[in-house]
Amino acid sequence: MSGRRVAYLNARLLDPDSGLDAPGNLLSIDGVVAALGPRLFADGVPGDAEVVHCGGRVLAPGLIDMRVFVGEPGAEHKETLASAGQAAVAGGITTIVTMPNTTPPIDDIALVEYISKRGRESSAVRVYPMAAVTVGLAGQRMTEIGLLTQAGAIAFTDGDRSVADGQVMRRALSYGRAFGALLCQYPEEPTLARDGAMNEGEVAMRLGLPGIPGAAETIMLERDLRLVGLTGGRYHAAALSTAASVEALRRAKQQGLPASGAALPHNFALNESAVGEYRTFAKTQPPLRAEEDRRALVDGLADGTIEVICSGHDPQDVESKRQPFEQAAFGAIGLETMLPLALELHHNQELSLLALLGKMTVGPARLLGLPQGRLAPGAPADLVLFDPEQPWRIDEARLISKSKNTPYHERPVQGRVWRTVVAGRQVFPPPRET
Amino acid sequence: MNAPAFAFARRHLLGIEGLSAAEIAAVLDLADSYVGQNRQIDKKGTKLRGRTLINLFFEDSTRTRTSFELAGKRLGVDVINMSVGSSAVKKGETLIDTAMTLNAMRPDVLVVRHPDSGAANLLSQKVDGSVINAGDGKHEHPTQALVDALTIRRRLGRLNGLVVAICGDILHSRVARSNILLLNTMGARVKVIAPPTLVPGLADRLGVEVHHHMRDGLRGADIVMMLRLQTERMRGSYVPSIREYFRFYGLDREKLAVAKPDALIMHPGPMNRGVEIDTEVADDIHRSVIREQVEMGVAVRMAVLDLLSRHLPNYAADGGK
């Protein structure tokens, strides 16, 4: 008859999709949002419902992170789907989209099915694999975009590599149209970025480190946007970092091109000065840029040019990072810190809480064609309950991720997750064994 | 039986482009009469006795070359086959030098196949006889389109108003281009179906509907024309793989179900079974007219030779006596 009911009482309901920001209650039945609003339960809470007292905290759709590198398969010592899932739910994330940069790379139907299956079996969150655009991530031959889409690939990317060959990119964009495929490009002209270790600029000059010019990103982005104009294929810039790139995307959107873009917290919460005295945890992709670039990213988020914030979670073990800066691996983890770092933009009055949450919920959901990311009857009951004000200090020793490469150690932040729910079930804090 | 000569007043057949509906009908009418001749025991005629035809093939071909050879012989023409392997071209001679050399031997008809678009056109400017384009690059293959039209017309009685779906590598196909031009001229409605990488971006300017899904493109089709996909185009450059191509664009019973129940299946050959067409469909004797297309090939080429030779400079109205 009636299924498993959970009643969330006395919450501040925030739904970026509808613009709802009001005190109220929410009822989920069997993992799906059944009803919500200020007047829900006016006649009393159903007696058979499990009750969650929200204490006026924010109840929002669980966050969707569309750029997560996981070590499974091939580098399970850095991160597994299980450990990434634990870290994600601690950060209020209920859906992760995995990158195909594994060993072997996810470029085949069986591998896409494997990631989906492992995600279901072992991870606390919903896991959607992106598949490679090119076979073996080699940038030469396109993958079976149609069959991979049918097998569950949610989008296509070569992950931390650009599809550099213009003809290959053009054909992939064009071919993908038949299947409505979204191509996510990490825009970086590889010949300009080659051997670079950090942003090309004054800091790199003083440290004597080879630079990656901002133009490497913008050149690739602008080329891609012209190919989008040529083909009509759907395009998403997976991580933007420069002022010129934001401007290029802004213009493309004004022209009506089917293009979108994302920013990682690193690039709007930090600038190149975080590299300090060769701190390899600040060696990120895209590199931390100049202050004016960081500022432009914030503006791009505020005016809607950039509609997605994602963590870019990229776990690296100690051996990969405890190296001279040039030899150290790129990458920083981010699942557990995305929400509080994004909330800085709210506390600094750059973006409203609703607009900010939209970039981690309905923004990616629309691009990826997912039903979650909304607080609405019929939507999956993927929820995050958090206090946007509560201060705390990031401590790498207390992070759940298997790898600890965070550039935010000891940073004071505001905004703490109280509870994370996937399909109506509490996944954070970890439910006590019964 | 002869169509009036004024209906087809040309010395060359370089493409379908520019032909009127009346001219196309004249070729098809005359070809119809040659089908009968080709089914007799004595197929040999003498109408063009004394004429010389050179098959000048810079690309491999079996059926087109053989078809022209038989067409010529059945009209009494002396036929010479030249293929690139044995010609001077391999020794560095240019196309025009080859043409001028051959021209000096006074052939009446040059049948040319060449990998470059526009090659037949170039030759036609340099020789005294007729030039027939037997396929130039990605441009046109006019006799194949006439063959397909004759096959359809004999089966369904008309071309006007039919819905024809052309599926496959439209981008590189001279057969598709000629067929689109001919079918549009004759009043058929043409739909092309291909992955976006295999159809020119401006294909709608050719007057066709462009579809990327078989179920959309095949719906209501009277005729389904499958095109050959060259395997080198399937290894990740235009299409990811053979299995993906066959899954989404290969013709099988399931996809064919949305076409008209008696829709005819055509293929200009040679077929890649299991790539663009399922064997069961290709061999369906009720619907597949693929072998009939080959038969019509000889009759159409006889008609073309007949009509063009009437406009050679030394043509005598009494048949050359």
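Below, chains carry the letters A, B, ... as their sequence lines are ordered, and counting in each starts from 1. The structure presented is a predicted model; accordingly, all values stated were derived computationally and were not measured.
A:Met142 CE to B:Thr197 OG1: the interatomic distance, rounded to the nearest 0.5 Å, is 5.0 Å. With rounding to the nearest 0.5 angstrom, the CD atom of B:Glu244 is 8.0 Å from the CD1 atom of A:Ile109. Here the straight-line distance linking atom OG1 of A:Thr149 with atom CZ of B:Phe248 works out to 7.5 Å at 0.5 Å rounding. A distance of 9.5 Å separates OG of B:Ser237 from CZ of A:Arg141, quoted to the nearest 0.5 Å.
Residues of residues 244-264 of chain A having a heavy atom under 4.5 Å from any heavy atom of chain B: none. Within residues 174-192 of chain A, the residues approaching chain B closer than 4.5 Å by heavy atoms are, in numerical order, A:Ser174, A:Tyr175, A:Arg177, A:Ala178, A:Phe179.
Within 6.0 Å of the CZ atom in B:Arg63, the count of heavy atoms belonging to other residues, nucleotides or ligands exceeds 12. The local environment of CZ in A:Arg170 is sparse, with at most 12 non-hydrogen atoms from other residues, nucleotides or ligands closer than 6.0 Å. Counting heavy atoms of neighbouring residues, nucleotides and ligands inside a 6.0 Å radius, atom CD of B:Glu254 does not exceed 12 of them. Few gaps surround CZ on B:Arg253; more than 12 heavy atoms of other groups in view lie less than 6.0 Å from it.
Residues meeting the side-chain contact (heavy atoms from CB on, under 4.5 Å) test with B:Val289, sequence neighbours left out: B:Thr151, B:Arg155, B:Leu264, B:Met266, B:Glu292. With sequence neighbours excluded, the residues that form a side-chain contact (heavy atoms from CB on, under 4.5 Å) with A:Glu72 are A:Val70, A:Glu76, A:Thr80, A:Leu81, A:Tyr114, A:Arg118.
The closest donor-acceptor contact from the side chain of A:Glu144 to the backbone of B:Ser241 lies at 3.5 Å or more, if one exists at all.
Between chain B and the residues A:Leu147, A:Thr231, A:Thr143, the largest count of heavy-atom pairs under 4.5 Å involves A:Leu147.
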B:Arg247 and A:Gln150: CA distance, side-chain angles, deciding distance, side-chain contact (heavy atoms from CB on, under 4.5 Å) verdict | CA-CA 11 Å; B:Arg247 171 70 186 78; A:Gln150 289 190 337; 3.4 Å; yes
